[in-house]
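First the structure, in the form of structure tokens, and then the observations on it.
Computed over heavy atoms, backbone and side chain alike; hydrogens, waters and symmetry mates excluded. Note on naming: letters A, B, ... go to the chains in the order of the sequence lines (proteins, then strands), and numbering restarts at 1 for each one.
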Amino acid sequence: MSTDKNCLIDIWHLLSCTWFKIQIEIMPVYTDQDPLNMEKWLPKTRQSIPLHTLTEQSECAGKYVKGKVVFKGPLLHIGNHLKYLLKSVIQEDVPKQSQASNNISINVVLFGGLAKDFSHAVNQGDTVVLSGFTVSPSPTFMKDQLHHCNLHLDGTEANVHVCAATAPTVGTSGASATVLSAPAKYVYVPLNTLKHGSQVNVYGVVTFFKLPFPTKGTDYCSTLKLTDPSGATVSCTIFCENQENHPKIFKAGDVIRLHRVKAQMFGGSMTLVTCWGWSALTFDGTVGSPVVPRTDKSFHFSEEDRHRVMELRKWAAHELSVLREPTVPLSAVVPRQYFDFTCQLLAKACLDSACTLLKVWDGTRCRYPFPTIPVEPGTLEGEIPAGTNTQNLIADVLVYDNHVEVAQALKPGMFLCIYNLHAVPQMVAGEACTVQEVLSFHLHGGTSYGRGLCALPTSSPDVSKLQRALQSCAEQMEGDMDSSWDDLTWCTASQLSNGVIGECPTVRKCTHTLQKVSLAHVKSSSPPEMFHVKAQVKSYQPKRLYQCLKLFCSQCKTIEEIPDPETLRARFGQAVRDTRPCRAAWADSLTTDTEDPSRQITLHVSSKSPADSDPKLIFVQGASFDDICHLSSDEEFMIPVKSSRGKLAFLDSMVPFLFRGKRQFYGCRQCSVRKFVKSVEGLEEGNEKSISEALGLQLMEYVLVMKFELDDGTATLEALLLEDSKDNFFHVSADDLSHSQEAQEKMQKIMDSLHPPDGSTLQCPWLELCLSLYAVGENGKSEVHCQIVNTQIKESPVDR
DNA sequence: TTAGGCTTGG
């Protein structure tokens, strides 16, 4: 990718638009733009059936329901992982005063490929039209009070049409969510005013917490103790099936917002328990740290909410100063102490089914020596840097029983908080028959005192503090000639993860011999320059694949949006209005009537057609957009034409000038020289490129444009990703993405692996990337942009 | 439905 091209293609502004006016069908979930006119997709015989009138006895053949998605569950794999299931709740649009009536929301269960497509194409807040469903009694009616029936969508009859919401949705939840049809104004009650049996929204500061642990039922449970300026302290119990969807609390002092939780008296104290539709947002409690909720999901958050979080932080800092005690560094640990420990994992080893060893450090040295814990050769995952001066610096933590599962999921390089770690003193034989006191560290089984461990996000202020301590420690050890600690960047997560955290899914294809640098370094550099970095994808946009595709003219370098089908219908409609007969001397023509008496379709085929084996060229006059889509097959190229001053002319404005099966090709408005059709003879190759050249039109190529937010712990950086004929990150051509479901699924799968839809950044793999930093000038102003170049996803043998 | 804080004992 040349810098020139970068300068010419200023696509940045295109990406700043929240919604793009393009659509591509992802079968069998169809996308649409206008929520009021979605029924146009359906056969005219289909009738609407309002949700509140739907019963088990309703005749559903030929019917459809329409509603807003108020809850979208995760995509579940059943059995051998090849079958899918997804549960959603839709709510019909009824006048506000009628919303008290029952049965306006209904559970929808989708199966198979439809569930998978729904998961990708539909978001909470979108409007959907469902058809081809079956009705069954709702087994959860007593619990959720939604609707007596459930809708099941399975098999080839079932269809979903979706119209994306135009604004972020309101409300979110780990377990389930209720999205109100109008923006909700939440009322938060002080913790000293809770009434038994009421459903409330509250803000609170966490004074105690237990990480999620499995219950005897189906859920994980986490317990919190909350307080607020009212002085009340209430216990709160969270039930949620997925550990990841529990509120992310890392330390006492964190701030939490809870929506739709139930107040209950238990043992003489008021408690809060989650109920259907609950949601939570959590925030770091540090005064002055960014007010960013720890969630990847959409949420409703106003300026007033931001203010509340900041006020609670200030209040807690003054009134609950005991909470602000930092975790204990290794240098301050004393024998027999139970303490919370923030550290980085260097290596781990499974000792037996009930015990995992973690080798960790926090950049400080313990006052007591550590015992040596033997590890079977080859069982240690991770690397311990060589050196002679590591005494009392790297601690062995023995993790027991219920915590082993969490420990086994950790990867070297991660930052951890270990809660209620026990410093166990042991007397061992020292030199010359002396006895020496050493400290070993045990995370015992059970959850008393909040015992447990979790990975911390790199955005946490505690991690920033830890990173500074690690950096400073590494600097101090620089003088140790025998050590590998003198690489100052060693202690950053990205360097440590090199070859340690799983396999890197990307590979650089360039020949640069560049030293790897941090994103902070890239950000402080001046363009033009190339860099090699290692980073994670913190977020990306657009989220929907069909919003990433654009049209690009390699001649004039302009980028255009792809018109949506409705726009194309309108443009065709105008162009085919004039159906006066038009004959070309070079062609054989055939005219047929259509259902519309005012319109005829004429097909013109060159009498000197290219060789029989080549795809045929058929010029189609008077056809609507839908006609052409219907007529087009892989066997021939179709060129829509109109009559203009007695001659055959191409349709003007932005419509495809060439159709072949599901593929549609556009010409560049600026660079196409010809308006009228001339005979096409002697075509040597029957492909879109040679045909467009012969027709005198400049073919536009499909390109894929995305923006990644990269993070390597030192900084975040927005980088553009362009998939075109030169750069091929996904190994999927943008042209294929425009029409092939297989290509669309492949790319979605890759994006899900780079940034799991429901995961935290910690679960994102580290990517080796080549970055190009360049300046784009416009009206005397210059902006610095960054682009991922020369980088490809590694292909697995199965994908090839 | 589940849990309803309050130290292992390696």
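Ionic pairing of R294(A) and D254(A) is present here: one or more N-O contacts between side-chain nitrogen and carboxylate oxygen are shorter than 4.0 angstrom.
Atom CD of E311(A) has more than 12 heavy atoms from other residues, nucleotides or ligands within 6.0 Å.
Once the 5.5 Å centre distance and the 30° plane angle are applied, the aromatic ring of Y400(A) is found stacked with the base of dG10(B). Between F239(A) and dT2(B), a base-stacking contact is recorded: ring centres under 5.5 Å apart, planes less than 30° from parallel.
With rounding to whole Å, Q264(A) atom CD is found 11 Å from dA3(B) atom C1'. Rounding to whole angstrom units, CG of residue L224(A) and C1' of dA3(B) are separated by 12 Å. The nearest whole Å value for the distance from the CD atom in Q426(A) to the P atom in dG10(B) is 10 Å. Taking atom OH on Y449(A) and atom P on dG9(B), their separation rounds to 16 Å, with Å as the unit. N402(A) places its CG atom 16 Å from the P atom of dT7(B), with the value rounded to the nearest Å. Taking atom CZ of F266(A) as the reference point, atom P of dA3(B) lies 11 Å away to the nearest angstrom. Atom CZ of R336(A) and atom C1' of dT8(B) are 14 Å apart (whole Å). Distance D396(A) CG to dG10(B) P: 18 Å, rounded to the nearest Å.
Both H444(A) and F208(A) sit near DNA chain B, but only F208(A) has its closest nucleotide nearer the 5' end.
Listed for the H442(A) side chain is no donor-acceptor partner under 3.5 Å among the backbone atoms of V424(A).
Residues from residues 211-222 of chain A placing a heavy atom under 4.0 Å of any atom in DNA chain B, listed by number, are F213(A), T215(A), K216(A), G217(A), T218(A), D219(A), C221(A).
Aromatic ring centres of H259(A) and Y188(A) lie closer together than 6.0 Å. Between F415(A) and F250(A), the distance separating the two ring centers is not shorter than 6.0 angstrom.
Classified by interplanar angle (parallel below 30°, tilted 30° to 60°, perpendicular above 60°), the ring pair Y220(A)/H246(A) is perpendicular.
For dG4(B) and dT8(B), the C1' atoms lie 23 Å apart once the distance is rounded to whole Å.
Within 4.0 Å (heavy atoms only), G445(A) reaches at least one base atom of the nucleic acid.
In the interface, the side chain of H442(A) is not paired with the base of dG9(B) through any donor and acceptor atom under 3.5 Å apart.
Side-chain proximity of R451(A) to dC6(B), dT8(B), dA3(B): nearest is dT8(B). Distance from the side chain of D401(A) is smallest to dG9(B) among dC6(B), dG9(B), dA3(B).
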**OP:** Run the numbers on T227(A) and T207(A) for side-chain hydrogen bond (donor to acceptor under 3.5 Å, both in side chains), then give the verdict.
**Re:** CA-CA 7 Å; T227(A) 187; T207(A) 61; over 6 Å; no
